[in-house]
Amino acid sequence: MKKNMGSADRTIRIVLAVAFALLYFTNIVTGVFGIILLVFAFVFLLTGFIGYCPLYSLLKFSTTEHNVKV
């Protein structure tokens with residue numbers, strides 16, 4: 001499994017995961033939408049830490065530094 005996420009992408013995903021979890025655990029967002037946010041938080045946290053996104057692979061997309069062209 002080759003990494004396909006750059007450091008900025010990974011950081012954004014981890015920050016979003018923490019924000020989503022906080023929204024759920026502080027009961028700001030509840031019910032089905034809260035559970036959906038919690039699932040997204042888990043996926044974002046997992047992909048953020050391992051640096052690999054399966055959806056990016058399916059779309060042949062990468063945000064790693066060596067693939068960014070200016």
Side-chain angles (χ1 to χ4, degrees):
M1 192 168 31
K2 184 180 175 187
K3 291 188 179 197
N4 60 5
M5 291 173 46
S7 59
D9 192 4
R10 295 173 70 184
T11 303
I12 290 169
R13 284 174 183 252
I14 293 170
V15 169
L16 282 175
V18 170
F20 290 169
L22 283 173
L23 287 172
Y24 179 77
F25 289 117
T26 57
N27 291 325
I28 293 173
V29 178
T30 58
V32 175
F33 187 63
I35 293 172
I36 291 170
L37 270 184
L38 199 58
V39 169
F40 273 108
F42 175 74
V43 170
F44 282 178
L45 195 62
L46 181 65
T47 58
F49 278 124
I50 64 172
Y52 176 78
C53 179
L55 184 60
Y56 281 6
S57 289
L58 288 174
L59 299 174
K60 298 188 185 330
F61 183 74
S62 177
T63 60
T64 56
E65 286 79 15
H66 60 82
N67 286 328
V68 176
K69 295 177 182 163
V70 179

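When hydrophobic side chains of Ile, Leu, Val, Met, Phe, Trp and Tyr are connected at separations under 4.5 Å, L22 ends up clustered with V18. Cluster note: F49 groups with I14, L45 through ILVMFWY side-chain heavy atoms spaced under 4.5 Å, whether in direct contact or through intervening members.
Applying the salt bridge (Lys or Arg N to Asp or Glu O under 4.0 Å) definition to pairs two or more places apart or across chains, those involving residues 13-26 are D9-R13.
Note that CD1 of I50 and CZ of R10 are 9.0 Å apart. Values are rounded to the nearest 0.5 Å.
In terms of heavy atoms, M5 sits closest to C53 at SD-CB, 3.7 Å. Between A17 and A41 the shortest heavy-atom distance is CB-O, 3.3 Å. Of all the heavy atoms in P54 and T47, the pair that sits closest is CD-CG2, 4.4 Å.
No continuous path of ILVMFWY side-chain contacts below 4.5 Å connects L59 to V43, so the two sit in separate hydrophobic clusters. A chain of hydrophobic side-chain contacts below 4.5 Å, direct or via other Ile, Leu, Val, Met, Phe, Trp or Tyr residues, connects I36 to I28.
L37 pairs by the side-chain contact (heavy atoms from CB on, under 4.5 Å) definition with F20, L23, V29, F33, not counting sequence neighbours. Residues satisfying the side-chain contact (heavy atoms from CB on, under 4.5 Å) test with T11, not counting sequence neighbours, are V15. Under the rule for a ring-ring contact (aromatic ring centres under 6.0 Å, His included), the partners of Y56 that lie at least two apart in sequence or sit in another chain are F61.
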> Run the side-chain contact (heavy atoms from CB on, under 4.5 Å) check on L38 and F25 step by step: do they pass?
Replying inline: CA-CA 9 Å; L38 199 58; F25 289 117; 3.8 Å; yes
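Few gaps surround OH on Y52; more than 12 heavy atoms of other groups in view lie less than 6.0 Å from it.
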